[in-house]
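Take a look at the structure below.
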Amino acid sequence: QVQLVESGGGLVQPGGSLRLSCAASRSIFSHYVMGWYRQAPGKQRELVAGFFDGGTTKYSDSVKGRFTITRDNAKNTVYLLMTNLKPDDTAVYYCNASPLAQGSDYWGQGTQVTVSA
């Protein structure tokens with residue numbers, strides 16, 4: 001079992017920044033690829049940013065150039081730095097761990113990000 005705990009969400013004005021954190025309960029990065037998803041009201045959950053196997057990164061077109069995903073292996077933590085935030089970024093953000101081999105995905109509980117003046 002893996003527990004993922006997100007933190008760092010909140011209310012921010014347009015143009016502002018936030019950094020989300022996702023702490024895993026144990027060392028998993030060698031067996032899972034990590035990603036951040038978000039779900040806005042009435043919309044499907046979508047991938048925002050993630051690591052591919054090998055450590056390369058991928059971003060959705062809507063956040064490219066504004067969001068950065070990083071990780072600290074020693075702390076078993078993945079971060080999402082969000083800059084130049086827009087109202088359309090308002091959503092619940094979820095951390096995901098997807099196994100490289102067979103197994104189940106793990107999800108965090110979600111953290112609310114609200115971008116509003």
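Here the structure is a predicted model, which means the values were calculated and not measured.
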Ring geometry between Tyr94 and Trp107 (parallel below 30°, tilted from 30 to 60°, perpendicular above 60°): perpendicular
Any chain of hydrophobic side-chain contacts (each under 4.5 Å) joining [X] to [Y]?
| X | Y | result |
| --- | --- | --- |
| Leu47 | Met82 | no |
| Leu81 | Tyr93 | no |
| Tyr32 | Phe29 | yes |
| Tyr59 | Leu85 | yes |

side-chain contact (heavy atoms from CB on, under 4.5 Å) between Arg38 and Val63: does it pass, once the steps are laid out? CA-CA 12 Å; Arg38 68 185 180 188; Val63 307; 3.9 Å; yes
Of all heavy-atom pairs between [X] and [Y], which one has the smallest distance, and what is that distance?
| X | Y | answer |
| --- | --- | --- |
| Pro14 | Ala117 | CD-N, 3.7 Å |
| Ala49 | Leu80 | CB-CD1, 4.0 Å |
| Tyr37 | Val48 | C-CG2, 4.0 Å |
| Val92 | Gly110 | CG1-CA, 3.8 Å |

Hey, are the side chains of [X] and [Y] touching, using non-hydrogen atoms and a 4.5 Å cut-off?
| X | Y | result |
| --- | --- | --- |
| Val78 | Ile69 | yes |
| Val5 | Cys22 | no |
| Lys58 | Val33 | no |
| Leu18 | Thr111 | no |

Between [X] (side chain) and [Y] (backbone), is there a donor-acceptor pair under 3.5 Å?
| X | Y | result |
| --- | --- | --- |
| Gln109 | Glu6 | yes |
| Thr90 | Val115 | yes |
| Gln39 | Ala91 | no |
| Thr57 | Phe51 | no |

In Å and rounded to the nearest 0.5 Å, what is the [atom1] to [atom2] distance from [X] to [Y]?
| X | Y | atom1 | atom2 | value |
| --- | --- | --- | --- | --- |
| Leu20 | Phe67 | CG | CZ | 8.0 Å |
| Met34 | Thr77 | CE | OG1 | 9.0 Å |
| Asn84 | Ser17 | CG | OG | 8.0 Å |

NZ/Lys64: more than 12 non-hydrogen atoms of other groups inside 6.0 Å: yes
For Glu46, is the CD atom crowded, meaning more than 12 foreign heavy atoms sit under 6.0 Å from it? yes
Could you tell me whether Lys86 and Asp89 make a salt bridge, using a distance below 4.0 angstrom between a side-chain N and a carboxylate O? no
Polar side chain donor-acceptor pair, Ser62 to Ser60, under 3.5 angstrom: yes
Does Arg19 count as lying over the ring of Tyr79, i.e. NZ or CZ under 6.0 Å from the six-ring centre, within 45 degrees of the axis? yes
